[in-house]
Structure formats: C-alpha cells, structure tokens
There are 2 protein chains.
Amino acid sequence: MDAPLDLPQLRTFYTLAQVGSFTACARRLGRTQSAVSHAMTKLEDLVGVPLLDRRNRGLRLTEEGRRLYQACEQAFATLDAAAEDLQRHQTQARGRLRVGATVEFGSSILMRHMQPFLAANPDLEIDFTLSHDLLGPLLRDDLDLAIDCVEHALPALKKVPLFRETYVVACTPAFRRAHRLRVPADLSGCPVLSLDKAGAWWNRFLMAVPDRQQPHLDRFIAVNHIRAMIHAAVEGMGALLVPRYSVLEELERGDLVALFPAIRPTEDRFSIYQKKVKAGQEKQKLLTRYLQSLSPAEFGS
Amino acid sequence: MDAPLDLPQLRTFYTLAQVGSFTACARRLGRTQSAVSHAMTKLEDLVGVPLLDRRNRGLRLTEEGRRLYQACEQAFATLDAAAEDLQRHQTQARGRLRVGATVEFGSSILMRHMQPFLAANPDLEIDFTLSHDLLGPLLRDDLDLAIDCVEHALPALKKVPLFRETYVVACTPAFRRAHRLRVPADLSGCPVLSLDKAGAWWNRFLMAVPDRQQPHLDRFIAVNHIRAMIHAAVEGMGALLVPRYSVLEELERGDLVALFPAIRPTEDRFSIYQKKVKAGQEKQKLLTRYLQSLSPAEFGS
DNA sequence: CATATCTATGAATCATATTCATGTCTCATG
DNA sequence: CATGAGACATGAATATGATTCATAGATATG
C-alpha cells in the first residue's frame with residue numbers, strides 16, 4: 001500500500017496557503033488561476049479531505065489543511081536547505097564562457113540578472129556578444145551558447161526554453177494624453193516607433209492581441225537601435241513597440257505606460273541554444289541552470 | 001529566484017539510495033530500469049552535482065548524495081506522517097456500498113485486499129455482486145460501482161484505471177515434466193483449459209506474447225467456472241490460461257508454474273466504473289482511493 | 001570469450017499538468 | 001434589481017515531461 005503524496009500539487013498548495021487567493025497564487029507561480037484550481041481539486045480529491053474553506057471573501061484553511069500546511073512548511077524547509085547546500089557545493093566554473101544574445105535582450109534584462117551569477121563564479125570569465133547573427137558563430141564554435149528566439153531548431157543544436165516574450169505598445173503619460181489614447185488604444189494617426197527590420201514584431205504583437213482590441217496602424221517610424229528608440233519614446237516622440245523585457249524599468253517607474261492591457265506572450269520562446277556534444281558543457285550547464293531558475297515574471301512576461 | 005527541487009525524482013532517488021540498484025529500485029517502484037536511469041540523470045543534471053557513484057558492483061552515494069538522502073529522509077517522513085494523519089481524519093463512510101466485479105476478479109484477488117478497507121470502515125455495509133453483466137445494473141443504479149475491463153467507455157460512466165491484466169499459461173510441475181514442456185512452451189498436443197466463452201483471453205494473451213514465443217495451440221478445453229478450472233489444472237488435467245491475479249497464490253506456492261517468461265500486461269485496464277453524477281459519491285471515492293493505493297504488483301501484473 | 005547482469009541513451013509513447021474558453025456565484029453600485 | 005467586476009470551477013484541448021521500448025555498452029562470471 002503506497003500513498004505517495006509528493007506531487008507538485010503540494011508546492012502549489014503551500015503557496016496558495018501563504019498568499020490566500022487562487023488568483024494571486026497563480027500569478028506568483030507564473031501560471032493561470034485555472035491551473036491552481038485544478039491542482040487543488042486534485043489534491044483534495046487525493047487526500048479525501050477538504051483542505052480549503054472557500055469563502056466569498058478570501059479563503060481559509062480547514063483544520064486538516066492547516067496541519068498539512070505545517071507539514072509542508074517543515075518538509076520544504078529541509079528540502080530547500082538541502083538544495084541550497086548543493087548549490088554551494090556545485091563545482092565552481094573556471095575558464096571562459098562565450099555567451100551570445102540578441103541585442104535587445106542582451107542590452108537590457110540579461111545584464112540585470114547576471115550579477116549574482118558572476119558573483120557566484122569569480123573564476124569564470126564571460127564574453128558577451130550581442131548580435132543578430134548568433135547561429136553562425138555558435139555553429140563555428142565562436143560561441144559556447146546563444147540566447148535567442150529563432151524558429152527552426154537545427155538538429156545539431158540543443159534547445160533549452162527560458163521564457164516567452166510579451167510585446168508591449170507603450171508611450172509616455174503625456175503623449176497618451178496629447179493623443180487622447182484609450183486602453184486598449186486605436187493607434188490611428190499615432191506614430192509608432194519600432195526597429196527598422198522588425199515588421200515581424202508587429203505581426204507577432206497582433207497575433208497576441210485579442211480580436212476586439214486589434215489596432216489600426218497608420219504611421220510606423222523605423223529606428224535601428226533599440227536604446228535610441230526607447231529614448232525617443234521617453235522623449236515623447238511616439239508610441240513604442242518592443243518586447244516587454246526591454247522597457248521593464250520604464251514601465252515600473254511610470255516613464256512609459258502600456259496602451260494595451262494584458263497582452264499574452266507569443267508562441268515562440270526565448271531559448272538557450274548550444275551545440276550538441278557528448279560531455280563537458282559544465283560552464284554552459286551552470287549558466288543554463290541559473291537562467292532557468294529565474295521566473296517568467298523576472299523576464300517581464 | 002526559485003529552485004524547486006520537489007519533483008517525483010526525489011522519491012525515486014530516495015528508494016534508489018535505499019535499495020542500492022537501479023534495477024531493483026525500478027522493480028520496487030513498479031517501473032522500468034530505464035525510467036529510473038532517466039530520472040536520476042535529470043536529477044543530477046538539475047542540482048548540478050553527481051549524487052551517485054556508479055561502480056561496477058553496486059553503487060554508492062557521493063558525499064552530496066548522502067546529504068540529499070538525509071534531507072529526503074526527514075522531508076518524506078514529515079509528509080508521509082501528514083498523509084497518514086489525513087487518512088485517519090478521513091470521514092469514515094457509513095451506509096451501504098454496492099460493489100460489482102467480474103467473477104474472476106471478485107472471487108480471487110479483490111477479496112484478498114478488502115479486509116483492511118472493511119476494518120477501516122466498520123460502519124459501512126458492502127454488497128458484492130460478482131457477475132459478467134455489470135454495466136446493466138450499474139446504469140440501472142443497482143450498483144454504485146463496477147470493477148471491470150470493458151472496452152468502450154460509455155459517456156455516462158466515469159472510468160478510473162486500476163491496473164493492467166497479465167495473462168499466464170501455467171500448469172503443475174508434474175504436468176510440465178510429463179509433457180516435456182520448455183519455457184517458453186510450444187503447446188502442441190498439450191490440453192489448455194480456459195473459460196468457455198474466453199477465446200478472447202487467448203487472443204489477448206497472444207498479443208502480449210513476444211513473436212518469438214508464439215505457441216501452437218491444439219487442444220482447448222472449456223470450463224465455465226474459474227475456480228473449478230484452476231482446480232482441474234492443479235489436479236494435473238492440463239495447462240491453464242488465466243489472468244495472473246487469479247492464480248497468484250498457486251504460483252507463489254509452486255502448485256503451478258508459468259510456461260512463458262515475462263509476459264507483458266495487456267493494453268486494456270481493469271478500471272472502476274461509476275455513473276457520472278455531480279456530488280456525493282463519498283463512499284465510492286473512498287473505495288476508489290483505497291484500491292488505487294494498491295500497487296500493480298499486488299494485482300499480479 | 002560467451003553469457004548474464006548491470007546501466008545508459010534516443011526515439012516514441014503516454015500521462016499528467018496547464019491552458020483556453022467558458023460558466024457560476026457573490027458582492028458592490030447606480 | 002439589473003449590471004458589472006472579481007473570484008473560483010469546469011470540460012475539452014493541448015503542451016510538457018515522465019515512462020517505455022528497443023537498443024547499446026560495460027563489467028563481471030563460469
């Protein structure tokens with residue numbers, strides 16, 4: 001007779017108990033409310049006892065729920081401690097790691113998250129190469145890994161998915177007032193800045209926008225440098241179409257405001273690519289693990 | 001930064017550490033050696049440190065492995081205690097539960113496992129109905145649930161899979177000697193007992209036998225009562241084709257020996273069927289959970 | 001050295017967790 | 001009271017990831 005009770009559901013239950021709301025828990029874990037609901041149904045079903053007291057305003061734990069929560073607290077504490085312990089005993093990498101990334105990604109969000117990794121690996125030298133031609137160098141062994149969002153995975157490459165991009169159209173609050181833009185915005189007559197070669201971005205953005213909100217675009221202003229473009233937008237030159245991660249700071253500070261609510265992530269994922277080889281990708285693995293440990297929210301999606 | 005480290009893999013790692021062999025661990029958990037291997041690769045990959053010291057004869061844990069093992073020990077103890085605790089606080093069922101099952105299943109293995117359930121629910125009356133027409137009574141609400149292996153699930157029925165049948169062809173050791181049967185056996189000239197209407201069993205058996213071992217069947221003796229048939233076989237009347245669960249005891253005692261090695265389970269599963277209704281299947285759920293908590297090995301597959 | 005007993009590995013398959021698209025219920029508001 | 005917003009539930013479709021299958025390699029054993 002075996003009654004497992006491992007299940008990922010327990011982690012969900014644990015956070016749910018902490019935050020006290022399905023919706024909030026879902027956000028915290030980077031999944032949908034539906035997922036949390038399903039998971040809890042299943043868990044309660046499995047243990048055969050109601051764990052949650054769903055009330056209209058907020059939810060409580062039942063007596064049993066509380067006991068289970070305490071068990072989780074303890075158990076997860078031990079496990080997480082062990083995990084951290086293992087982290088520390090991880091063979092520190094030495095030598096050189098050549099990382100490639102797209103310009104947009106590498107010049108913004110990536111750098112914001114590299115510090116802890118660098119601190120943890122003082123003996124590791126890292127070269128960053130920001131470019132839009134990553135596949136070539138990667139295949140030629142001029143790079144150890146590349147972070148990108150290419151579509152067709154080559155059979156020679158290993159792909160480790162990281163997160164899905166979310167696009168935003170945003171502008172300064174002043175610009176929004178001046179152009180009387182609603183949310184969601186109809187962009188008629190409103191200049192929109194984007195990368196010159198990035199009609200693709202516009203298409204992918206449209207795909208992620210709900211049918212009801214599809215905007216009309218009249219004026220499209222091309223800029224070929226992303227920081228310059230963001231600058232221009234912050235100066236009030238127009239609205240801006242960019243991956244969300246590249247303007248996270250501006251959004252947080254309120255320098256820019258989004259003109260569409262709740263845009264979903266795109267299909268394709270930002271992934272880490274590396275050549276398939278038999279052994280010895282220790283440094284690569286280290287970075288991969290680190291980046292994977294970051295939640296989608298930290299990448300702005 | 002979140003480094004989960006929940007994962008079913010940990011349970012696998014834990015048992016692996018206890019039994020000290022991939023193969024044995026797999027058997028214990030009722031899965032294949034391959035699964036265990038994959039799981040451990042993934043786990044080591046995830047924590048970034050080797051946990052196992054694979055040596056030629058037997059395997060040891062590395063230093064890190066040992067620490068992780070201890071953490072698991074603690075954590076799982078807590079969780080399992082909590083699980084047991086919840087078990088006890090499960091609302092005991094009262095009233096009557098009408099259980100249907102096939103004659104073969106109900107008259108053998110099922111009864112061997114019901115005792116603990118009955119003990120845990122002293123206020124529950126259970127009616128067992130052993131029959132081959134279970135669907136009718138179930139739909140007519142003459143049964144609360146049915147344990148069977150029907151093929152086409154009706155949309156009105158909920159199906160909870162329990163285990164997959166394994167068939168065996170077996171005979172007494174004496175019979176085997178007398179007929180000079182090898183393993184795997186070529187059954188030419190050897191009388192094989194089976195249920196009268198159960199040509200279906202033979203077909204399903206053949207499907208599960210590897211091509212190399214396909215036997216030739218000459219004489220087929222029909223009996224319409226399974227216990228009588230088993231009796232006949234034990235008396236040396238012939239070989240016997242039956243679901244493995246129905247002769248578990250005889251095989252364990254050595255009264256019967258299997259004539260084919262390592263027959264795989266069939267496609268279809270024995271499942272619990274019940275009518276789909278909105279609420280209040282508490283008693284059904286209780287039994288379902290209990291039966292599900294039994295491992296496949298306990299059903300002889 | 002042939003055989004038996006392990007573990008590893010890649011591709012195919014299957015199970016399950018998650019999403020999507022809804023539905024229901026409750027509460028607050030004009 | 002309608003009406004809408006917010007929170008959870010639910011069924012079908014889908015994506016993710018765990019497991020098997022079919023092998024191969026490696027090491028001991030008679």
Side-chain angles (χ1 to χ4, degrees), chain A residues 4 6-13 16 19-27 29-46 50 52-60 155 158-161 164 208 210-212 261-262 264-265 267-269 271 276-279 292 296, chain B residues 4 6-13 16 19-27 29-46 50 52-60 155 158-161 164 208 210-212 261-262 264-265 267-269 276 278-279 292 296:
Chain A
D6 300 73
L7 20 153
Q9 278 95 301
L10 276 185
R11 281 274 185 190
T12 309
F13 170 72
L16 175 56
V19 304
S21 138
F22 280 60
T23 320
C25 171
R27 256 200 305 276
L29 297 174
R31 40 203 68 150
T32 61
Q33 169 267 318
S34 181
V36 178
S37 178
H38 279 300
M40 290 307 97
T41 311
K42 176 147 195 207
L43 181 61
E44 289 185 304
D45 224 78
L46 197 71
L52 303 169
D53 178 8
R54 289 119 163 119
R55 4 187 85 205
N56 306 331
R57 195 69 182 174
L59 84 172
R60 310 198 82 86
K158 201 177 108 190
K159 173 178 175 175
V160 181
R164 295 169 126 122
D211 290 348
R212 286 243 145 267
R264 272 176 287 179
E267 275 303 294
D268 320 288
R269 299 132 189 268
S271 303
K276 283 181 182 162
V277 290
K278 275 298 167 196
Q292 278 199 307
Chain B
D6 304 75
L7 16 153
Q9 278 96 302
L10 276 184
R11 282 274 185 189
T12 309
F13 170 72
L16 174 57
V19 304
S21 138
F22 280 59
T23 319
C25 170
R27 256 199 305 275
L29 297 173
R31 41 204 64 155
T32 60
Q33 169 269 319
S34 180
V36 178
S37 178
H38 278 300
M40 290 308 97
T41 311
K42 176 150 193 202
L43 182 59
E44 288 186 306
D45 222 77
L46 197 71
L52 302 169
D53 178 7
R54 291 120 162 120
R55 9 185 82 203
N56 306 333
R57 194 68 183 175
L59 85 172
R60 311 198 81 86
K158 201 177 109 189
K159 173 179 175 174
V160 181
R164 294 168 126 122
D211 290 348
R212 286 243 145 269
R264 272 176 287 179
E267 273 303 293
D268 321 287
R269 301 131 188 267
K276 283 182 183 162
K278 275 298 167 193
Q292 279 198 307

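Sequence lines set the chain letters: A, B, ... in the order given, protein chains first and strands last, and positions in each chain run from 1.
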Next item on the list: Evaluate the criterion side chain to side chain contact (heavy atoms under 4.5 Å, CB included) for residue pair A/F13 and A/V36; output intermediate values, then yes/no.
Entry: CA-CA 8 Å; A/F13 170 72; A/V36 178; over 6 Å; no
Check: Any donor-acceptor pair under 3.5 Å linking the side chain of B/E44 with the backbone of B/L52?
Finding: yes
Margin query: Please report the interatomic distance SG(B/C25) to CZ(B/R11), rounded to the nearest 0.5 Å.
Written below: 12.5 Å
Notebook entry, point to check: Could you give the CG-to-P distance, from B/L10 to D/dG17, as a whole number of Å?
Noted result: 16 Å
Notebook entry, point to check: Whole Å only: how far is the CG atom of B/L52 from the C1' atom of C/dC6?
Noted result: 14 Å
Item checked: Value in whole Å for how far the C1' atom of C/dA15 lies from CZ of B/R164 -> 11 Å
Notebook entry, point to check: Taking the side chain of A/T23 as heavy atoms from C-beta outward, which of D/dT10, D/dA7, C/dA8 is closest to it?
Noted result: D/dA7
Notebook entry, point to check: How long is the line joining CZ of B/R54 and C1' of C/dT9, in whole Å?
Noted result: 13 Å
Next item on the list: Any chance you could measure B/L16, atom CG, to B/L10, atom CG, to the nearest 0.5 Å?
Entry: 12.0 Å
Notebook entry, point to check: Does the B/S37 side chain pair with the main chain of B/Q33, one donor and one acceptor, at a distance under 3.5 Å?
Noted result: no
Check: Does the side chain of A/D53 come within less than 4.5 Å of A/L59's, by heavy atoms?
Finding: no
Next item on the list: Would you mind reading off the distance between B/D53 atom CG and C/dC6 atom P, rounded to a whole angstrom?
Entry: 18 Å
Margin query: Using whole Å, what does the distance between atom P of nucleotide C/dA8 and atom NZ of B/K42 come to?
Written below: 17 Å
Next item on the list: Could you state the atom-to-atom distance from CG of B/D45 to P of C/dT9 in whole Å?
Entry: 11 Å
Next item on the list: Could I get the full list of salt bridge (charged side-chain N to carboxylate O under 4.0 Å, His left out) partners for B/R60, not counting sequence neighbours?
Entry: none
Checklist line | Close side-chain approach of A/P8 to A/T12, heavy-atom, < 4.5 Å | finding: no
Notebook entry, point to check: Within the pair A/S21 and D/dC8, is there a side-chain N or O less than 4.0 Å away from OP1 or OP2?
Noted result: yes
Notebook entry, point to check: Given axes from five pairs at either end, by how many degrees does the helix from C/dC1-D/dG30 to C/dG30-D/dC1 bend, rounded to 10°?
Noted result: 20°
Note to self: I need a per-nucleotide contact map over nucleotides 19-30 of chain D, read 5' to 3'. Cutoff is protein heavy atoms under 4.0 Å; write B for the base, S for backbone only, - otherwise.
What the structure shows: SBB-----SS--
Check: What distance separates A/Q9 CD from A/D45 CG, expressed to the nearest 0.5 Å?
Finding: 10.5 Å
Notebook entry, point to check: In whole angstroms, how far is the C1' atom of C/dA17 from the CZ atom of A/R11?
Noted result: 17 Å
